Amino acid sequence: MSSDKTRALSNAEKQQRYRQRQQESGKKELRGYLTPEALSCYQEIQQKTQWNDSTLLSNAIRLMYAAHKCGQIGILNSWLTEHKR
């Protein structure tokens, strides 16, 4: 064994390195708070798809973008309102 001992990384340093690697791969971190309605939708989708948080968020944003491009945002919003979601 060598006499040079490497210092163990703290959890904060590990998280920082992880976030840096994600940024370098072109990913961006987004965070927010969910309403109770959104949380119930989130839990239902997660149970049905078995997606993790990252995949769920990425797909949700991509689907909203597709709805926007197809002019369907108004229809989606009215459905959510009518169904109290």
Side-chain angles (χ1 to χ4, degrees):
M1 285 179 56
S2 78
S3 60
D4 282 335
K5 291 190 176 186
T6 58
R7 181 178 65 88
L9 295 175
S10 69
N11 282 340
E13 291 169 322
K14 289 177 186 176
Q15 290 171 1
Q16 184 178 12
R17 288 180 58 198
Y18 174 77
R19 287 191 299 271
Q20 187 175 9
R21 283 194 309 269
Q22 295 301 314
Q23 275 185 333
E24 289 168 358
S25 70
K27 297 179 181 175
K28 179 171 177 59
E29 182 179 8
L30 297 173
R31 300 245 173 171
Y33 294 97
L34 299 178
T35 63
E37 297 86 1
L39 185 58
S40 71
C41 294
Y42 165 84
Q43 290 169 339
E44 184 177 336
I45 291 170
Q46 191 177 39
Q47 287 172 356
K48 289 181 180 181
T49 62
Q50 299 299 310
W51 290 342
N52 63 22
D53 290 345
S54 179
T55 303
L56 229 161
L57 179 61
S58 292
N59 286 341
I61 290 171
R62 292 173 62 227
L63 287 168
M64 284 300 298
Y65 179 75
H68 161 70
K69 287 306 232 181
C70 296
Q72 302 299 312
I73 293 291
I75 294 170
L76 290 174
N77 277 335
S78 64
W79 186 92
L80 288 169
T81 303
E82 289 170 10
H83 292 86
K84 294 182 174 63
R85 289 300 203 137

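Numbers for residues simply follow the sequence, beginning at 1. What you see is a predicted model, and the numbers here were worked out from it, not measured in a lab.
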Query raised in the report: Which heavy-atom pair separates H68 from I73 by the least distance, and what is that distance?
Result: CA-CG1, 3.5 Å

Report task. Taking all heavy atoms of R85 and all of E44, pick out the closest pair and write down the distance. Result -> NH2-OE1, 3.0 Å

Should we say atom [atom1] of [X] is surrounded by more than 12 heavy atoms from elsewhere, each under 6.0 Å from it?
{"X": "R19", "atom1": "CZ", "value": "yes"}
{"X": "E13", "atom1": "CD", "value": "yes"}
{"X": "R21", "atom1": "CZ", "value": "yes"}

About how many Å separate [atom2] of [Y] and [atom1] of [X], when rounded to the nearest 0.5 Å?
{"X": "Q43", "Y": "L56", "atom1": "CD", "atom2": "CG", "value": "11.0 Å"}
{"X": "E37", "Y": "H83", "atom1": "CD", "atom2": "NE2", "value": "14.5 Å"}
{"X": "Q46", "Y": "L39", "atom1": "CD", "atom2": "CG", "value": "9.5 Å"}
{"X": "L57", "Y": "W51", "atom1": "CG", "atom2": "CH2", "value": "11.5 Å"}

**Report entry** Steps toward side-chain contact (heavy atoms from CB on, under 4.5 Å) verdict (Y18, K14)
**Finding:** CA-CA 6 Å; Y18 174 77; K14 289 177 186 176; over 6 Å; no

Requested in this report: Verify, without hydrogens or angle tests, whether S78 (side chain) and I75 (backbone) share a donor-acceptor contact under 3.5 angstrom.
Outcome: yes

